[in-house]
Amino acid sequence: MNSSSEGQVRIAVVGAGVIGITHINIIQQEPDCVVAAIADPTPAAASLAAERGIPYFADYVEMLDAVKPDGAIIATPNALHVPVGLACAERGIPMLVEKPIAESVESSLTLIEAAERAGVALLVGHYRRHNPITQKARELVQGGGIGKLTTATGLYLIQKPDSYFDIAWRRAAGGGPVLINLIHAIDDLRFICGEIATVQAVSSNAVRGFAVEDTAAVIVGFQNGALATLTLSDAVASPWSWEITASENPFFPRQPENSYYFGGTEGSLALPKLEFWSYKGEKGWGAPLSCEKIGIQHADPLVRQMQHFCRVVRGEEKPFITGADATRTLAVTLAVKQAAEKGCSVKL
Ligand SMILES: NC(=O)c1ccc[n+]([C@@H]2O[C@H](COP(=O)([O-])OP(=O)(O)OC[C@H]3O[C@@H](n4cnc5c(N)ncnc54)[C@H](O)[C@@H]3O)[C@@H](O)[C@H]2O)c1
């Protein structure tokens, strides 16, 4: 069923690829909203729209003008986020822009300015921040629950199948885990630990031998003085990545492991299992540590993101992840690329 009933938020989806279809499925399951239209030039998108009885347009400008949706989700390739976002801003349509907000900090600022000038809400799809696990971790780490934050360690060690690299751009510079996957980890660290001040990085293509890196090691310095390391590779047979451990997406068969570790002066926290390690009595390496599992109410972060977007469209809430915040995550991610290329430390 795709007909709208009174009070439902009419959301258009621009770009019906992997994540666009995920959003369409969520909208169709949510009572609060309805898919107003799909805009995507491919025959596959036209068939999907026809199957589901959703108004279809090949051209997004034509769609925005004809349908006048209450809100739009921009799930196109990265290079189109800003042009589509500008078209939404011009028409006063609140938007949920997929990550990364833009390809460069400069173009991101253009979009933010246009949205501000038009008074249009702009939410960015760093959806993991809607996960009760990351929210609990932020509360504990920033609220002093583990004492003074000293270190964080993040692992993104995953095996992309060889067929993933049949598409040429994925073998070329920019197609690797630093620009595609690390942005999530950078955003997780910023959200949970605080603002990042410096990055250093080394990358390697020694496993696959493509022009793009398959592996990188990153050192992060926070404004609060804590240090983090992130190790990422898309050529490792391992369960230690957020995707495999956090149960957010059934595409990735879950393993009950952790992939983030936060160390503080009073205790340590491992995610996504939310295991809290601390001394119950006297502190010191000769004393026993105990582990407690922090209980939370689990929820699907993509569903929560959509519910929030509906409230943003209605003017009931301000965007939880603003354009400025997402631009900072983009800037840090681009700084990691720069640090790896030049072998230097980059200050933000
Ligand atoms: N939040 C997440 O976890 C997550 C996951 C995957 C992708 N993404 C982001 O979402 C975006 C899309 O990624 P994807 O994996 O779904 O890519 P995809 O290639 O599967 O889908 C992109 C879609 O956009 C369509 N498109 C291209 N030009 C268009 C145009 N002019 N007008 C309308 N549609 C157009 C394509 O035909 C395609 O269907 C990227 O920015 C990516 O970084 C986010």
Side-chain angles (χ1 to χ4, degrees), residues 12-26 35-49 54-67 69 72-88 93 95-104 107-108 111 123-131 134 156 158 160 164 166-170 174-188 191 234 241-244 246-252 300-306 308-309 320-321 323 326 329-330 333-334:
V13 178
V14 183
V18 172
I19 195 75
I21 294 174
T22 304
H23 289 309
I24 290 166
N25 292 339
I26 291 172
V35 186
I38 291 174
D40 186 314
T42 57
S47 311
L48 177 85
I54 300 170
Y56 168 77
F57 295 79
D59 184 278
Y60 67 86
V61 173
E62 208 179 296
M63 181 278 288
L64 294 174
D65 288 337
V67 174
I73 295 180
I74 302 172
T76 55
N78 298 352
L80 284 168
H81 290 185
V82 171
V84 181
L86 291 173
C88 289
I93 300 168
M95 63 195 104
L96 164 55
V97 184
E98 264 306 338
K99 48 61 52 180
I101 178 169
E103 286 194 302
S104 70
S107 62
S108 172
L111 175 57
L123 170 69
V124 185
H126 286 291
Y127 75 94
R128 288 188 194 169
R129 294 196 191 195
H130 297 274
N131 194 320
T134 56
Y156 174 81
I158 208 160
K160 288 184 184 163
Y164 177 92
D166 290 346
I167 298 170
W169 68 262
R170 291 177 170 162
V178 168
L179 283 191
I180 305 288
N181 309 104
L182 180 73
I183 192 162
H184 283 297
I186 294 288
D187 198 65
D188 293 340
F191 183 59
D234 60 22
S241 63
W242 186 259
E243 282 78 347
I244 303 284
S247 272
E248 284 178 339
N249 181 346
F251 174 82
F252 300 101
D300 183 331
L302 284 165
V303 170
R304 291 183 91 202
Q305 173 179 258
M306 193 65 72
H308 170 61
F309 183 51
F320 183 42
I321 299 127
T329 289
L330 173 66
T333 309
L334 294 173

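In this text the structure is predicted, and so the values were computed from the model without any measurement. Counting starts at 1 for both ligands and their atoms, in listed order.
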Around atom 43 (O) of ligand 1, find the nearest protein heavy atom and jot down its residue, atom name and distance. K99 O, 2.8 Å
Check: of A58, A75, G15, min heavy-atom distance to atom 22 (C) of ligand 1 comes from A75
For R129 and F320, indicate whether the former's side chain and the latter's backbone hold a donor-acceptor pair under 3.5 Å. no
If you scan protein heavy atoms around atom 44 (C) of ligand 1, the nearest is E98 OE1, 3.1 Å
Under 4.0 Å between heavy atoms, the region of A44 that gets near ligand 1 turns out to be neither
Which residue owns the protein heavy atom closest to atom 20 (O) of ligand 1, what's the atom, and how far is it? V18 N, 2.9 Å
Would you say D300 and E248 make side-chain contact, with heavy atoms under 4.5 Å? no
Should you measure from each heavy atom of G125, which atoms of ligand 1 turn up under 4.0 Å away? 1 (N)
Show which atoms of ligand 1 fall inside a sub-4.0 Å distance from at least one heavy-atom site of P100. 43 (O)
Would you check whether H126 reaches within less than 4.0 Å of ligand 1, judged by its heavy atoms? no
Does a side-chain heavy-atom distance below 4.5 Å link N131 with W242? yes
Ranked by distance from atom 41 (O) of ligand 1, the top protein heavy atom is N78 OD1, 2.5 Å
Considering only non-hydrogen protein atoms, determine which one is nearest to atom 3 (O) of ligand 1 and report residue, atom name and distance to 0.1 Å. Y127 CE2, 3.2 Å
Does H130 reach the main-chain N or O of L302 with its side chain, forming a donor-acceptor pair under 3.5 Å? no
Could you tell me if the side chain of L48 sits less than 4.5 Å from the side chain of I21, heavy atoms only? yes
How long is the span from the CG atom in D234 to the OG atom in S241, to the nearest 0.5 Å? 11.5 Å
From atom 16 (O) of ligand 1, is the closest protein heavy-atom distance below 4.0 Å? yes
What protein heavy atom sits nearest atom 21 (O) of ligand 1, and how far off is it? G17 CA, 3.2 Å
Check whether any side-chain heavy atom of P41 lies under 4.5 Å from a side-chain heavy atom of D59, and answer yes or no. no
Please compare T76, I19, V84 and report which has the shortest non-hydrogen distance to atom 8 (N) of ligand 1. I19
In the protein, which heavy atom is nearest to atom 27 (C) of ligand 1, and how far is it? P77 CD, 3.6 Å
I'd like to know if D187 and R128 make a salt bridge, using a cut-off of under 4.0 Å between side-chain N and carboxylate O. no
Answer yes if a protein heavy atom lies under 4.0 Å from atom 24 (O) of ligand 1, otherwise answer no. yes
Run the side chain to side chain donor-acceptor pair (under 3.5 Å) check on N249 and E243 step by step: do they pass? CA-CA 7 Å; N249 181 346; E243 282 78 347; over 6 Å; no
State whether the shortest distance between N or O atoms of D40 and N or O atoms of ligand 1 falls below 3.5 angstrom. yes
If the cut-off is 4.0 Å to any non-hydrogen atom of V14, which atoms of ligand 1 fall inside it? 33 (C)
Any heavy-atom pair between the side chains of H23 and Q305 that's under 4.5 Å? yes
For ligand 1, which atoms have a heavy atom of T42 less than 4.0 angstrom away? 37 (O)
When you measure from the heavy atoms of P41 to every atom of ligand 1, does any distance fall below 4.0 Å? yes
Taking only non-hydrogen atoms of A16 and a 4.0 Å limit, the atoms of ligand 1 in range are 39 (O)
What is the closest protein heavy atom to atom 33 (C) of ligand 1, and at what distance does it sit? A39 O, 3.4 Å
Tell me whether H81 reaches ligand 1 (any heavy atom closer than 4.0 angstrom to a ligand atom). yes
Side-chain contact test, heavy atoms from C-beta onward, threshold under 4.5 Å: evaluate it for H81 versus L111 and give yes or no. no
V67 side chain reached by F57 side chain, heavy atoms, under 4.5 Å: yes
Donor-acceptor contact present, side-chain S47 to main-chain P43, <3.5 Å: yes
Between L80 and ligand 1, which residue portion shows a heavy-atom distance shorter than 4.0 Å: side chain, backbone, both, or neither? side chain
For the residue pair I38 and I24, what are the closest heavy atoms and their distance? CD1-CD1, 3.5 Å
